[in-house]
Amino acid sequence: MFMKREDIEVKIEECIDKAKRYKGVGEVASYIPELKNVDEDSFALSIVTTSGDVYNFGESEKIFSVQSISKVFTLMMALKDNTIEEVFSKVGTEPTRYEFNSLIPIDQRAANPFINAGAITTTSMIYGENKEEKFNRVMELIRQMSQNSEFTFMKDIYESEISTTDRNRAIAYYLKSKNIFDQNADEVLDLYVRICSIGANVESLAKFGAILANEGFDIYSSNLIVPQNIVQMTIAQMASCGMYETSGEYLMKVGIPSKSGVGGGILGIVPNKCGICVYSPRLDKSGNSVVGKNLLKILSADLGLNIFL
């Protein structure tokens with residue numbers, strides 16, 4: 001992005017216009033009742049560069065449920081609180097062709113940290129005296145990385161999700177039965193759902209992403225916030241596993257390490273360049289935002305953001 005600001009804004013707006021042909025395609029998530037109440041055609045985009053420039057478009061102040069984007073948070077917290085060997089002895093690193101909430105990709109451990117079984121595992125590895133302290137530590141990290149307090153707890157989403165989370169409850173108990181963790185399964189599940197129920201806007205998440213793109217250094221003060229080995233492992237897992245069972249195809253076509261959530265958000269990291277967050281709640285069959293994934297593909301091509309080129 002070595003252009004004048006106004007030229008960059010024009011290029012991004014052109015990309016957004018190209019993505020409009022996908023508007024109206026897909027369905028909002030329905031298995032969590034509260035997620036059905038969103039405006040199906042909401043749209044927001046934020047790009048935050050490693051030099052601190054912010055580009056916002058659409059409903060950039062709109063708060064939405066991060067859902068599975070939170071799996072990035074839980075992986076980072078698990079890596080901060082435990083050794084690398086401890087974390088990856090309990091959860092694998094490989095993509096899976098199965099759906100994110102499937103019990104199939106759990107052998108001696110969940111396939112990767114970005115399916116539900118893997119994220120429940122990493123959630124169990126967050127330190128704290130109780131779930132409130134653990135949750136507050138997650139919030140402290142992401143607020144520090146975004147340099148604002150726009151991250152919030154969406155109680156209505158939490159209550160809706162915790163009352164309909166039988167499959168995840170089964171996963172939690174199955175993981176405990178295999179001695180992957182020894183805590184109370186319901187308490188681990190409750191913390192997992194609380195973290196999924198964090199609300200944010202696109203700018204907050206893009207700023208969070210910009211820290212990862214900046215090798216863990218604050219984009220304004222240059223202070224190291226996240227150890228670089230954690231940044232490297234997190235981005236690598238986003239690249240290989242971040243878009244559910246379509247991660248390989250997405251990486252090939254888009255070339256931006258990303259993590260999606262069924263709330264409609266996608267967080268993208270372009271190392272040494274920027275963090276990107278797009279929000280559009282209509283999803284494809286895999287649970288990825290239709291407008292979001294296609295806009296990221298267009299941005300990647302038109303702005304030269306593909307990490308392989």
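Atom set for the values below is all heavy atoms of this structure, side chains included, hydrogens, waters and symmetry mates excluded. Nothing fancy with the numbering, it's 1 onward along the sequence.
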_Presence of salt bridge, Asp39 and Lys62, under 4.0 angstrom_ = no
*Indicate whether the side chain of Tyr250 and that of Asn288 have a donor and an acceptor atom separated by less than 3.5 Å.*
no
*Would Asp41 and Lys23 pass as an ion pair if we require N to O under 4.0 Å?*
no
*asked:* Checking Ser60 against Glu203: is there a side-chain donor and acceptor pair closer than 3.5 Å?
replied: no
*Step-by-step side chain to side chain contact (heavy atoms under 4.5 Å, CB included) determination, Val138 to Thr74*: CA-CA 8 Å; Val138 174; Thr74 55; 5.6 Å; no
*So, do Arg282 and Val25 sit near enough that their side-chain heavy atoms are less than 4.5 Å apart?*
no
*What are the two closest heavy atoms between Ser240 and Ser247, and how far apart are they?*
O-CB, 3.3 Å
_Is there a side chain to side chain contact (heavy atoms under 4.5 Å, CB included) between Ile225 and Gln144? Walk through the geometry before answering._
CA-CA 8 Å; Ile225 296 178; Gln144 180 187 19; 3.8 Å; yes
*asked:* I'd like to know if Lys20 pairs up with Asp17 as an ion pair, taking the criterion as any Lys NZ or Arg NE/NH1/NH2 lying under 4.0 Å from an Asp or Glu carboxylate oxygen.
replied: yes
*asked:* What I'd like to find out is whether the side chain of Met252 reaches to under 4.5 Å of the side chain of Phe308, using heavy atoms alone.
replied: no
*What residue among Lys71, Lys131, Glu187 forms side chain to side chain donor-acceptor pair (under 3.5 Å) with Tyr192?*
Lys71
*When you check the gap from the basic side-chain N to the acidic O, do Arg169 and Asp186 get nearer than 4.0 Å?*
yes
*If you take all heavy atoms of Phe217 and Ser222, which pair is closest and at what distance?*
CD2-O, 3.2 Å
_With a 4.0 Å cut-off on N to O distance, would you call Asp302 and Lys11 a salt bridge?_
no
*Consider only side-chain N and O atoms of Asp218 and Gln147, and report whether a donor and an acceptor are under 3.5 Å apart.*
yes
*Could you pull out the closest heavy-atom pair between Cys274 and Thr50, with the gap in Å?*
N-CG2, 4.1 Å
_Between Ile230 and Lys80, is there a side-chain heavy-atom distance shorter than 4.5 Å?_
yes
*Taking all non-hydrogen atoms of both residues, which atom of Leu283 and which atom of Gly261 are closest, and how far apart?*
CD2-O, 4.4 Å
*Which pair of non-hydrogen atoms, one from Met243 and one from Ser260, has the smallest distance, and what is that distance?*
SD-CB, 3.7 Å
*Are Lys18 and Glu14 within salt-bridge range, i.e. N to O under 4.0 Å?*
no
*asked:* Using side-chain heavy atoms (C-beta onward) and a distance below 4.5 Å, is Ile276 in contact with Val270?
replied: yes
*Would you confirm whether Lys134, through its side chain, and Tyr127, through its main-chain N or O, come within 3.5 Å as a donor-acceptor pair?*
no
*Is the closest side-chain heavy-atom distance between Phe64 and Cys277 below 4.5 Å?*
yes
_Set out, in order, the CA-CA distance, both residues' side-chain angles and the distance that settles side chain to side chain contact (heavy atoms under 4.5 Å, CB included) for Asn306 and Ile256, then state yes or no._
CA-CA 6 Å; Asn306 191 314; Ile256 297 176; 5.9 Å; no
*Within a strict 4.5 Å, meaning less than it, do heavy atoms of the Ile180 and Lys176 side chains meet?*
no
*Do NZ/NE/NH1/NH2 and the carboxylate oxygens of Glu86 and Lys90 come within less than 4.0 Å?*
no
_With heavy-atom distances below 4.5 Å as the criterion, would you say the side chains of Thr165 and Leu189 are in contact?_
yes
*Between Ile307 and Ile47, is there a shared hydrophobic cluster once you connect ILVMFWY residues whose side-chain heavy atoms come closer than 4.5 Å?*
no
*asked:* If we count only N and O atoms by modelled type, under 3.5 Å, do the side chains of Asn112 and Thr93 hold a donor and an acceptor together?
replied: no
_Test log, rule side chain to side chain contact (heavy atoms under 4.5 Å, CB included), inputs Phe73 and Thr234_ = CA-CA 9 Å; Phe73 311 157; Thr234 300; over 6 Å; no
_For Glu133, is there an ion pair with Arg137 - N to carboxylate O distance below 4.0 angstrom?_
no
*Any side-chain heavy-atom pair of Phe135 and Ile126 under 4.5 Å*: no
*Arg194 to Tyr158, cation-pi by 6.0 Å centre distance and 45° axis angle*: yes
